[in-house]
Amino acid sequence: MQISKYMKKDVVAIRADAAISDAAQVFVRQHVGMLPVIDKDGRPIGVVTLQDMLTLELPDFVNFVADVDFVHDFGAVETTRPSAAALARSIKKLMKPPFTVPQDCGLLRAYALMIQHSLHDLLIVSADGKLVGIASRVDVGRAILASWSKVEKK
Amino acid sequence: MTLAAILSTLLFIAALVIIFTEKMHRSITAIAAAALMIALGRILGFYSEGAAIEAIDFPTLGLLLGMMMLVAMLEPTGFFQYLAVRAAQASRGKPVRLFILLGGITTVVSMFLDNVTTVVLIAPVTILICEILGIAALPYLLAEALLSNTGGVATLVGDPPNVLIGSAANLSFGDFLTHSLPIVAFAWVAALLLMLYLFRRELARRPKNIRALMRMTPADALNEPENARRLLIVLGAAVIFFLLDPVLHVDPYFVAVAAAGAAMVWIRPDIDQMLKKIEWSVLIFFGALFIMVGGLEAAGVWDLVVELAQGASSIPPVYFGVGLIWIVAILSAVVDNVPVTIALIPIIQGLGRGGMDIGPLWWALAFGAGFGGNGTIIGSTANIIVASLSERTRHPITARLWLRRGLPVMLTTCLIASILFAVFYPWL
């Protein structure tokens, strides 16, 4: 079972020259959790997740205090917004290195890689490195479970 | 000067240079240098493995280890978080009051526990409180480091140099309370007032959201109330035993280790988890420094230094003490105060053998080592911790900022210590 059969082919991606605010608009419109960042030839050079975007908004103390249950109201940080300057910065400042697999990657291998590297989405590239698809854990998981119906009873 | 004295001095200086330039972790440098010192001693016949073991001041290591174990158990209870939230609510979000209360709590805690631990535990909650209030955390973080360095000088267990001095000079917990605490109290108030002035602009900003602060539930910040209660009882009992030292003659290191043992039996912590929180690298650093300094002593280096220092004995002893405060303070501002203290202890002891009244000099050493650490961002471990914590926030503390705020505090506290040292010299 090759991943190319189960991946989504209409990938929502963003160009490397986009600003963080452009990426935010794509997230708002497209209902995705992760955006591949591609160069002008369509090769993935990075990924930016919804979570990465939200670190711009998250207060500093969340990194230091393990258990914030006693804080019932985040007060002043609830209404802070990233500055216009922060939003105008290039998406390259926020993106992380992409994790890609070839089109003939097996489903189980794909799933194991996602678990081990804590990825929610996997980028699939063609032989010449171009982004051709994206598969989420749900896509991969459903494909694996669907194959169980073909297990023969003895 | 003998060959042994020259080579051992060169080795010691080389080790200090590597430690101060931070080319290698200080504990690695110290272990390697200690091993080289023993090897040198064996080749030239002035030092041996047995003598090296004897040079280690085990009471100091025991006291540090005992206190570290108690803190390691107290940390997960959330007690410090609870204290900070309580203090913040008591201030009702008024910046000056919050500044004094958080600084005060940090000071009191750091008098009984290690400064570094105190700052590590209070600083994160401080960032939380300030962010929720919508004010800059920077003045509060700086004040916590500076005031814990200052307050730590007041007690035997407040600061590693004090543990070293107490062990070398046979000073009890009570001696520190009667000799050091009063002078530190003056220096502390001066440091606080000076910082309120230096940060007057930041502290004049009104918090945006005081209601959110008052809605916090401190009880939920205390994760393990029962364990916190037990540990505070054990810590309290340990302090009582520290104070009863003149009557019972129980050594502080025994009290600390016994208290840690009792606490472990009472709360049954996960021992592996707890031992991971002990700062083994600090203990190893101390042990290796003791071995190095023992080598210098065996090579006769200290005798030479003492001879030199005695040349200065024509100076009135009061000026000698005041001079010592400033020399130690300047050294402690640019390098770690632990090696400074360990290196100076044998020299003071040598001066004592030469007939000088060294009683007051121990206090001069304690004031210099403690207050000097405030001067620069690398002056004390607490400073480094606060600075590196702030680097992970949106408003990092820079070395320049520390000089502008910390150096005046160092100069003021050293000045006050010098004046009080001179005035109360006959009683020290």
Side-chain angles (χ1 to χ4, degrees), chain A residues 18-25 27-28 33-35 37 46-97 117-120, chain B residues 75-86 88-89 93 119-138 140-141 205-225 385-386 388-397:
Chain A
I20 291 175
S21 54
D22 301 327
Q25 286 180 19
F27 274 111
V28 172
M34 183 259 253
L35 269 184
V37 182
V47 294
V48 58
T49 64
L50 193 58
Q51 206 179 323
D52 295 333
M53 297 285 286
L54 287 169
T55 53
L56 291 177
E57 178 93 18
L58 218 55
D60 294 325
F61 69 77
V62 175
N63 299 323
F64 303 118
V65 180
D67 181 358
V68 291
D69 290 355
F70 64 93
V71 188
H72 301 285
D73 179 349
F74 272 22
V77 281
E78 201 72 63
T79 52
T80 51
R81 293 284 175 268
S83 63
L87 291 180
R89 288 192 313 168
S90 162
I91 194 68
K92 285 182 182 169
K93 298 272 178 209
L94 216 57
M95 72 182 189
K96 302 216 167 87
H117 297 272
S118 320
L119 304 167
H120 289 281
Chain B
E75 193 203 309
T77 65
F79 176 69
F80 299 93
Q81 215 165 259
Y82 170 81
L83 269 186
V85 172
R86 263 293 157 86
Q89 291 188 334
V119 166
V120 165
L121 297 176
I122 305 263
V125 204
T126 305
I127 295 175
L128 182 146
I129 290 165
C130 290
E131 283 196 293
I132 283 175
L133 283 172
I135 52 180
L138 206 137
Y140 302 88
L141 292 177
R205 294 244 175 85
R206 292 183 63 203
K208 295 188 190 100
N209 201 326
I210 294 171
R211 213 175 69 92
L213 170 71
M214 302 313 287
R215 280 187 63 199
M216 281 188 208
T217 44
D220 292 330
L222 195 59
N223 302 322
E224 300 167 2
I385 299 269
V386 167
S388 61
L389 207 65
S390 81
E391 266 164 28
R392 289 163 57 204
T393 73
R394 289 165 175 82
H395 307 284
I397 300 175

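Values below: every heavy atom of this structure, side chains too, minus hydrogens, waters and symmetry copies. Labels below follow one simple rule: chain letters A, B, ... track the order of the sequence lines, proteins then strands, and each chain is numbered from 1.
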Which atoms of B/Leu389 are under 4.5 Å from chain A, going by heavy atoms: the side chain, the backbone, both sets, or neither?
both
Quick one: do the A/Asp52 and A/Thr49 side chains pair a donor with an acceptor below 3.5 Å?
yes
For chain A, which candidate among B/His395, B/Lys208, B/Arg215 shows the most heavy-atom pairs at distances under 4.5 Å?
B/Arg215
Would you indicate whether B/Arg206, at its atom CZ, is surrounded by more than 12 heavy atoms from other residues, nucleotides or ligands within a distance under 6.0 Å?
no
Compare all side-chain heavy atoms of A/Val48 with those of A/Val37 and state whether any distance is below 4.5 angstrom.
yes
Ranking B/Ile132, B/Ile129, B/Leu222 by heavy-atom pairs under 4.5 Å to chain A gives rank one to B/Ile132
Identify which part of B/Leu128 has an atom lying under 4.5 Å from any heavy atom of chain A, answering side chain, backbone, both or neither.
both
Show the nearest heavy-atom pair for residues B/Ser390 and B/Ile397, with the distance to one decimal.
OG-N, 2.8 Å
For A/Glu57, look at atom CD and say whether over 12 heavy atoms of other residues, nucleotides or ligands are found less than 6.0 Å away.
yes
B/Pro124, B/Pro207, B/Gly134: which one forms the most heavy-atom pairs within less than 4.5 Å of chain A?
B/Pro124
